[in-house]
Amino acid sequence: MELWKLLVASGFFLASWVLGAGGENLPACSFPAIYNFGDSNSDTGGISAAFEPIRAPYGEAFFHKPAGRDSDGRLIVDFMAERLRLPYLSAYLNSLGTNYRHGANFATGGSTIRRPNETIFEYGISPFSLDMQTAQFLQFKARSAELYRQAKNPSDRSTLPNPQDFAKALYTFDIGQNDLSVGFRKLSFDQIRAALPDILNQLATAVRRIYEQGGRSFWIHNTGPIGCLPVNLFYNLNPPPGYLDDHGCVKSQNDIAIEFNRQFKDRVIKLRAELPQAAITYVDVYAAKYGLISNAKTEGFADPMKVCCGYHVKYDHVWCGNKGMVNGSEVYGPSCQNPSSYISWDGVHYTQGANQWVANHILNGSLSSNPPTPITQACHRS
């Protein structure tokens, strides 16, 4: 077994000791805001505002109602905000009840790094690809600064970002998984591998655009073990020998994700040289999520391939919160009784409990590298 898999399988979280290598001596950063770019892993209401709203039982565990998130509760980005003592991020596309004083969220469920060539109504791929999200950020930055200057009194400015805060903010990225999922649907593995450099160069371009606008602190997640999503087995109940790894994940898909992340990390190293004033933290979310899946039982979770919400019996599938016909009868896709014990919420997205577990194992810096950097110190250049 490769070394990294051995570490993960044996409980990689012992890696937290690495923070003693100097990070503990750095002062904590004072981030006034977070600006996030991503897909459904970090969308706090964007796609729900732009298209049909996410319905119950999504959001039930924490918000007690749908809250624009593809989970029963909070996402990793919510736990990031909590760790930095900032409010949860309002979605940029949500025009009601928003407060952008401490940042904005440009992520939308189904987003890709590269522009899609299909509509959201075909396969759920968002039209708001990463270049659109960065364009929205540039517009947001310019427009909010104008409104801030025009404000007549402090109350008019209370929901607007202070223009000076953009240079001090933390810019977070969690995107790329859907580029792989689209590839698995439309391309051969060789074609996907050939596309990886272009995908990562487009992500680097987005980071550079924000850097040119004064952004200096970046927290960038790699992609997770897409082969471990239970949806992969919804219509493949009898996979051939060698198709799955020891933990029930589609091995070939995870191999592509690992290669994507290897090139991703190399591209981040190059970005650090290209953007000398930037503090760029590369976060190994893959290791955290695969570590949770590998150790699900010992960490108090159910079988990672079990899905909490929805009706999934053999080849009959009714998605979470929906109704469908099964053998002539209407069936509802309900939530399970104890979502906190599940890793998968709906077959594609994680539960709040799993998100919190992953957040606890990345925010302390033990799964970032060169050097290990907790999120509270992500303003410091390596």
Side-chain angles (χ1 to χ4, degrees), residues 1-15 18 38-39 41-42 76 112-114 173-204 219-233 236 239-271 280-296 304-305 343-344 348-350 354 357-358 361-362 366-370 372:
M1 182 182 290
E2 291 139 22
L3 178 59
W4 74 268
K5 288 184 179 178
L6 195 60
L7 290 172
V8 164
S10 63
F12 69 92
F13 27 88
L14 56 84
V18 295
D39 53 31
N41 289 311
S42 61
I76 293 172
T112 50
I113 294 173
R114 298 207 291 187
F173 290 78
D174 191 332
I175 193 167
Q177 179 174 303
N178 290 320
D179 293 85
L180 298 187
S181 66
V182 170
F184 296 145
R185 178 160 43 84
K186 302 174 76 171
L187 305 173
S188 69
F189 285 139
D190 286 343
Q191 289 172 320
I192 297 171
R193 289 188 182 92
L196 296 184
D198 180 60
I199 295 171
L200 293 170
N201 281 335
Q202 291 196 35
L203 187 145
W219 179 270
I220 304 178
H221 293 181
N222 67 8
T223 200
I226 188 171
C228 297
L229 300 179
V231 67
N232 289 312
L233 299 179
N236 188 0
Y243 186 78
L244 303 179
D245 69 10
D246 294 340
H247 303 290
C249 304
V250 179
K251 186 177 184 303
S252 58
Q253 291 190 4
N254 278 353
D255 287 344
I256 292 290
I258 290 167
E259 176 60 21
F260 177 85
N261 289 337
R262 185 191 67 78
Q263 294 188 30
F264 196 163
K265 188 173 183 179
D266 289 344
R267 193 65 190 86
V268 167
I269 291 171
K270 291 179 181 177
L271 264 179
I280 306 176
T281 305
Y282 171 86
V283 185
D284 194 354
V285 169
Y286 185 104
K289 290 183 175 179
Y290 196 80
L292 172 57
I293 289 162
S294 303
N295 296 278
M305 293 302 143
I343 292 175
S344 180
V348 176
H349 306 99
Y350 286 54
W357 192 99
V358 172
H361 288 80
I362 63 172
S366 60
L367 289 174
S368 56
S369 58
N370 298 323

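Residues take their numbers from the sequence shown, with the count starting at 1.
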Exercise. Please answer whether the main-chain N or O of R114 pairs with a side-chain N or O of D179 as donor and acceptor at a distance below 3.5 Å.
Key: yes

Hey, are the side chains of [X] and [Y] touching, using non-hydrogen atoms and a 4.5 Å cut-off?
X: L244; Y: L233; result: yes
X: T112; Y: I175; result: no
X: N261; Y: T223; result: yes
X: N254; Y: C228; result: yes
X: F184; Y: F189; result: yes
X: N201; Y: R267; result: yes
X: L187; Y: V182; result: no

Practice problem: Assess whether side-chain contact (heavy atoms from CB on, under 4.5 Å) is satisfied between S368 and D284, documenting all intermediate values. | Solution: CA-CA 6 Å; S368 56; D284 194 354; over 6 Å; no

Self-check item: side-chain contact (heavy atoms from CB on, under 4.5 Å) between I256 and R193, intermediate numbers included
Solution: CA-CA 7 Å; I256 292 290; R193 289 188 182 92; 3.7 Å; yes

Quiz item: Hey, would you say the Y286 and H221 ring centroids sit under 6.0 Å apart?
Solution: no

Quiz item: Between Y243 and K251, is there a cation-pi geometry (under 6.0 Å to ring centre, at most 45° from the normal)?
Solution: no

Practice problem: Might you point out which heavy atoms bring A288 and W357 nearest each other, and give the distance in Å? | Solution: O-CZ3, 3.3 Å

Quiz prompt | Heavy-atom pair of closest approach, residues L200 and F264 | solution = CD1-N, 3.5 Å

Quiz prompt | K186, NZ atom: more than 12 neighbouring heavy atoms under 6.0 Å | solution = yes

Exercise. Using distance alone, with no hydrogens and no angle criterion, decide if Y290 and D245 have a side-chain donor and acceptor under 3.5 Å apart.
Key: yes

Exercise. Please test Q253 against L180 for side-chain contact (heavy atoms from CB on, under 4.5 Å), starting from the C-alpha separation and ending with a verdict.
Key: CA-CA 8 Å; Q253 291 190 4; L180 298 187; over 6 Å; no

